[in-house]
Engineer: 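Pasting a structure below so you can have a look.
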Amino acid sequence: MATARDVAVRAGTSTAVVSYVFNNGPRNVSPETREKVLRAAAELNYHPNALARALSHGKTRSIGLIVPDIANRFFGELARALEEAAAARGNILLIGDSGLNLQRERSHVAAFVERRVDSVVMVSIADDPSVAAFADAGIPVVALHPLAARDGVSTISIDYRAAAFAATRHLIEHGYPAIAMFNGPGESAGSRQHREGFDLALSGESDVVASIHNTEISRAHAAQVALDVLARPSRPRAVYCSTDEQAYGVLFACHRLGLRVPDDVAVTGFDGTEHSAYSYPPLTTIRQPIPEIAERVIALLTGDGAGLPVYEIAPFDLVVRESCGHHTN
């Protein structure tokens with residue numbers, strides 16, 4: 001592998017000048033000398049050590065992302081949007097998938113500190129994630145889920161409570177007499193906010209029978225629970241799901257039980273992934289503005305750090321499709 005010294009010898013200059021060319025300074029290099037250095041580098045197939053260059057400037061130009069399950073379409077779309085925004089600013093995105101395992105999540109935290117990432121974007125499975133190591137290393141963190149305010153950790157997310165309220169009110173306004181909620185694990189702040197929004201929407205609706213069922217954030221487990229709940233004589237007329245993934249599991253259960261959606265059971269999801277428009281029937285859902293959130297997060301983390309931490313609420317949309325019984329788009 002060619003070195004800077006090899007390039008300097010071939011170009012008839014010094015290693016310092018080679019460094020000035022590839023780092024655009026700090027000293028100026030004449031156009032003729034620059035051309036000699038670049039030609040020599042091309043002939044030798046020389047590539048500067050990007051990590052060494054970055055560390056010399058105190059930056060690795062890398063951003064860590066920790067998510068609970070990269071197989072979940074929402075997190076896949078989020079990772080893609082973050083990677084595009086990071087790459088546009090000359091940064092690389094490193095992904096740590098916790099696999100819904102808290103110990104693995106903590107391992108990713110330690111690994112990102114060890115690799116000296118410049119910043120971290122995090123969606124934790126814990127209500128109180130272990131981020132002290134980031135603070136100790138001076139690594140800024142943006143959490144993309146509801147999280148109690150703490151030093152050094154920014155949060156950018158939609159208002160889960162308001163979104164759950166909007167989706168549930170939509171089902172109530174259809175006149176459905178029994179509405180079930182398929183919520184995530186009950187210990188997370190996000191799950192609590194989903195339930196609070198659901199309960200608030202139903203307050204004063206004495207004629208509506210409500211039920212809540214906690215499932216893993218997966219199609220398989222939501223389908224398993226739905227096969228039981230929807231087979232009962234007193235099955236719900238509508239189901240609000242706290243994620244699109246759970247909604248797909250409910251749609252599967254309806255099909256397996258011979259129930260028509262929305263004629264027998266109406267279904268709504270949450271997250272608004274691209275796939276939600278192509279389920280059968282197309283899924284009514286709360287859409288999170290993934291591209292806009294990704295752009296905002298990366299802009300904050302690749303800036304000068306001024307104004308951090310931030311605590312921002314992103315907007316959401318109720319996208320009405322066929323699965324809830326009323327189709328507008």
Engineer: Taking C-beta and beyond as the side chain, do V131 and M122 meet within less than 4.5 Å on heavy atoms?
Structural biologist: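 Yes - at least one pair of side-chain heavy atoms lies under 4.5 Å apart.
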Engineer: Short question: side chain of R237, backbone of P177 - any donor-acceptor pair under 3.5 Å?
Structural biologist: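 No; judged by distance alone, with no hydrogens or angles, the pair does not exist.
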Engineer: Where is the tightest heavy-atom contact between I70 and A79, given as atom of each residue plus distance?
Structural biologist: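 Here I70 and A79 meet closest at CD1-CB, 4.0 Å.
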Engineer: Given side chains that start at C-beta, do those of L300 and S154 come closer than 4.5 Å, heavy atoms only?
Structural biologist: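 Of all side-chain heavy-atom pairs linking S154 with L300, none is under 4.5 Å.
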Engineer: Enumerate the ring-ring contact (aromatic ring centres under 6.0 Å, His included) contacts for residues 186-232, please, sequence neighbours excluded, ordered by first and then second residue.
Structural biologist: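 Listed once each, the pairs are Y160-H194, F182-H213, H194-F270.
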Engineer: Can you get from L257 to V225 by hopping between Ile, Leu, Val, Met, Phe, Trp and Tyr side chains that sit under 4.5 Å apart?
Structural biologist: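 Yes, because L257 and V225 connect within a single hydrophobic cluster, where side-chain heavy atoms sit under 4.5 Å apart.
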Engineer: Take H275 and Y248 through the test ring pair (Phe, Tyr, Trp, His ring centres under 6.0 Å) and record every step on the way to the result.
Structural biologist: CA-CA 10 Å; H275 184 69; Y248 301 141; 4.9 Å; yes
Engineer: State, with a plain yes or no, whether a side-chain heavy atom of I298 is found less than 4.5 Å away from one of L82.
Structural biologist: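 A side-chain contact under 4.5 Å exists here.
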Engineer: Check whether any side-chain N or O of S323 sits under 3.5 Å from a backbone N or O of T284 as a donor-acceptor pair, and report yes or no.
Structural biologist: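 Confirmed, S323 side chain pairs with T284 backbone.
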Engineer: For the residue pair S98 and V67, establish whether any side-chain heavy-atom pair is separated by less than 4.5 Å.
Structural biologist: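 When only atoms from C-beta onward are counted, V67 and S98 do not touch, as no gap falls below 4.5 Å.
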Engineer: Between V229 and R235, does the side-chain contact (heavy atoms from CB on, under 4.5 Å) criterion hold? Intermediate values first, please.
Structural biologist: CA-CA 6 Å; V229 172; R235 69 169 179 262; 5.8 Å; no
Engineer: Please report the C-alpha distance between D199 and R195 in whole Å, then the side-chain angles of each, then the deciding distance to 0.1 Å, and finally whether the salt bridge (Lys or Arg N to Asp or Glu O under 4.0 Å) criterion is met.
Structural biologist: CA-CA 6 Å; D199 289 342; R195 177 162 187 162; 3.6 Å; yes
Engineer: Which heavy atom of I158 sits nearest to which heavy atom of P315, and what is that distance?
Structural biologist: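 Answer, listing the atom of I158 first, then P315: CG2-O, 3.5 Å.
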Engineer: Just wondering, are more than 12 heavy atoms of other shown residues or ligands nearer than 6.0 Å to CD1 in I92?
Structural biologist: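 Check fails, neighbour count at 12 or below.
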Engineer: Indicate whether any N or O donor in one side chain lies under 3.5 Å from an N or O acceptor in the other, for E245 and S218.
Structural biologist: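 No, no side-chain donor-acceptor contact under 3.5 Å.
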Engineer: Can you check whether R287's main-chain N or O pairs, donor with acceptor, with D317's side chain at less than 3.5 Å?
Structural biologist: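 Answer holds: no.
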Engineer: What's the separation between atom OG in S191 and atom CD in Q193, rounded to the nearest 0.5 Å?
Structural biologist: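 One gets 10.0 Å once the value is rounded to the nearest 0.5 Å.
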Engineer: Atom OG of S119 and atom CZ of F112: how far apart are they, to the nearest 0.5 Å?
Structural biologist: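 Answer for the OG-CZ pair, S119 versus F112, is 10.5 Å.
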Engineer: For I63 and V121, run side-chain contact (heavy atoms from CB on, under 4.5 Å): C-alpha distance rounded to whole Å, both residues' side-chain angles, the deciding distance at 0.1 Å, then the answer.
Structural biologist: CA-CA 7 Å; I63 299 171; V121 184; 4.1 Å; yes
Engineer: Tell me the closest heavy-atom pair linking G197 and A164, and the distance in Å.
Structural biologist: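 Distance-wise, the nearest heavy atoms are CA-CB, 4.0 Å.
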Engineer: Going only through I, L, V, M, F, W and Y residues with side-chain contacts under 4.5 Å, is there a path from I313 to V310?
Structural biologist: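 As far as the 4.5 Å side-chain criterion goes, V310 and I313 are not connected within one cluster.
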Engineer: From K36 NZ over to L38 CG, what is the distance, rounded to the nearest 0.5 angstrom?
Structural biologist: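 It is 13.0 Å, given to the nearest 0.5 Å.
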Engineer: Given 3.5 Å as the limit, does a donor-acceptor pair link the side chain of S107 with the main chain of Q103, or not?
Structural biologist: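 Yes, the answer is positive, given that a donor and an acceptor are paired below the 3.5 Å cut-off.
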Engineer: Donor-acceptor pair, distance only, cut-off 3.5 Å: does the side chain of E312 make one with the backbone of S157?
Structural biologist: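 Such a contact is absent between E312 side chain and S157 backbone.
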Engineer: What I'd like to find out is whether the side chain of R73 reaches to under 4.5 Å of the side chain of E274, using heavy atoms alone.
Structural biologist: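 R73 does not reach E274 side chain to side chain.
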Engineer: If you group Ile, Leu, Val, Met, Phe, Trp and Tyr by side-chain heavy-atom gaps below 4.5 Å, do L171 and F316 land in one group?
Structural biologist: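 Both belong to a single hydrophobic cluster.
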Engineer: Looking only at atom types and distance, does a side-chain atom of T285 sit under 3.5 Å from a main-chain N or O of G272, one as donor and one as acceptor?
Structural biologist: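 Judged by distance alone, yes, a pair lies under 3.5 Å.
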Engineer: Report yes or no: does R321 contribute a side-chain atom to a donor-acceptor pair with the main-chain N or O of L283 at less than 3.5 Å?
Structural biologist: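 Flag set: sc R321 to bb L283 pair under 3.5 Å.
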Engineer: What's the verdict on side-chain contact (heavy atoms from CB on, under 4.5 Å) for L65 and F75, showing C-alpha distance, side-chain angles and the deciding distance?
Structural biologist: CA-CA 10 Å; L65 170 65; F75 297 121; over 6 Å; no
Engineer: Using a 4.5 Å cut-off on heavy atoms from C-beta on, say whether the side chain of E84 contacts that of E295.
Structural biologist: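 With C-beta onward as the side chain, the pair stays apart.
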Engineer: Check for a donor-acceptor pair, side chain of D244 on one end and backbone N or O of T273 on the other, with a separation under 3.5 Å.
Structural biologist: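 Pair found, side chain donor or acceptor close to backbone of T273.
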Engineer: Is any side-chain heavy atom of D6 closer than 4.5 Å to one of R10?
Structural biologist: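 SC-SC contact between R10 and D6 ruled out.
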Engineer: Is the count of non-hydrogen atoms from other residues, nucleotides or ligands lying under 6.0 Å from R27 atom CZ greater than 12?
Structural biologist: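 No - once you tally the heavy atoms of other residues, nucleotides and ligands closer than 6.0 Å, there are 12 at most.
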Engineer: Is there a continuous path of hydrophobic side-chain contacts, each under 4.5 Å between heavy atoms, that joins V297 to V123?
Structural biologist: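 The answer is yes; both residues are in one hydrophobic cluster.
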Engineer: Nearest 0.5 Å, what's the CD1-CD1 distance between I217 and I125?
Structural biologist: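 Rounded to the nearest 0.5 Å, the CD1-CD1 separation comes to 11.5 Å.
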Engineer: Could you go through the salt bridge (Lys or Arg N to Asp or Glu O under 4.0 Å) check for E196 and R192 one step at a time?
Structural biologist: CA-CA 6 Å; E196 289 166 3; R192 286 199 303 274; 5.2 Å; no
Engineer: Flag yes if V18 and V29 sit in one hydrophobic cluster, no otherwise; membership is Ile, Leu, Val, Met, Phe, Trp, Tyr, and two members link when side-chain heavy atoms are under 4.5 Å apart.
Structural biologist: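 Yes; V29 is reachable from V18 via cluster members.
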Engineer: With rounding to the nearest 0.5 Å, note down the distance linking CG in L100 to CD in E216.
Structural biologist: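 It is 7.5 Å, given to the nearest 0.5 Å.
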Engineer: If you compare all heavy atoms of D97 against all heavy atoms of P68, which two are closest, and at what distance to 0.1 Å?
Structural biologist: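 Minimum heavy-atom contact is OD1-O, 3.2 Å.
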Engineer: What closest approach, in Å, do G325 and Y176 show between heavy atoms, and which atom pair accounts for it?
Structural biologist: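 Smallest heavy-atom distance, with atoms named: CA-OH, 3.9 Å.
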Engineer: Does any non-hydrogen side-chain atom of L259 lie less than 4.5 Å from one of L230?
Structural biologist: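 Counting from C-beta outward, L230 and L259 do come under 4.5 Å.
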Engineer: Looking only at atom types and distance, does a side-chain atom of D118 sit under 3.5 Å from a main-chain N or O of T60, one as donor and one as acceptor?
Structural biologist: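 A pair under 3.5 Å: yes.
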Engineer: Look up atom CG in L227 and atom CZ in R232, then write down how far apart they are to the nearest 0.5 Å.
Structural biologist: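 Rounded to the nearest 0.5 Å, the CG-CZ separation comes to 11.5 Å.
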Engineer: List the atom of V239, the atom of P236, and the distance in Å for their closest heavy-atom pair.
Structural biologist: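 Scanning both residues completely, I find the closest heavy atoms to be CG2-CG, 4.3 Å.
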Engineer: Using a 3.5 Å distance criterion without hydrogens, assess whether the side chain of R89 forms a donor-acceptor pair with backbone atoms of A85.
Structural biologist: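 Such a contact is found between R89 side chain and A85 backbone.
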Engineer: Evaluate C324 against H174 for side-chain contact (heavy atoms from CB on, under 4.5 Å), listing each step before the verdict.
Structural biologist: CA-CA 9 Å; C324 68; H174 275 291; 3.9 Å; yes
Engineer: Determine the sole option in L301, V120, V153 for which the side-chain contact (heavy atoms from CB on, under 4.5 Å) test with P140 is passed.
Structural biologist: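 Going through the options one by one, the only one that passes is L301.
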Engineer: Between F22 and Y46, is the ring centroid distance below 6.0 Å?
Structural biologist: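 When the ring centroids of F22 and Y46 are compared, they turn out to be within the sub-6.0 Å range.
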Engineer: With the threshold set at 4.0 Å, does a side-chain nitrogen-carboxylate oxygen contact exist between E35 and R39?
Structural biologist: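 Salt bridge present between E35 and R39.
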Engineer: Heavy-atom count check: over 12 atoms from other residues, nucleotides or ligands less than 6.0 Å from D136 CG?
Structural biologist: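 Check passes, neighbour count above 12.
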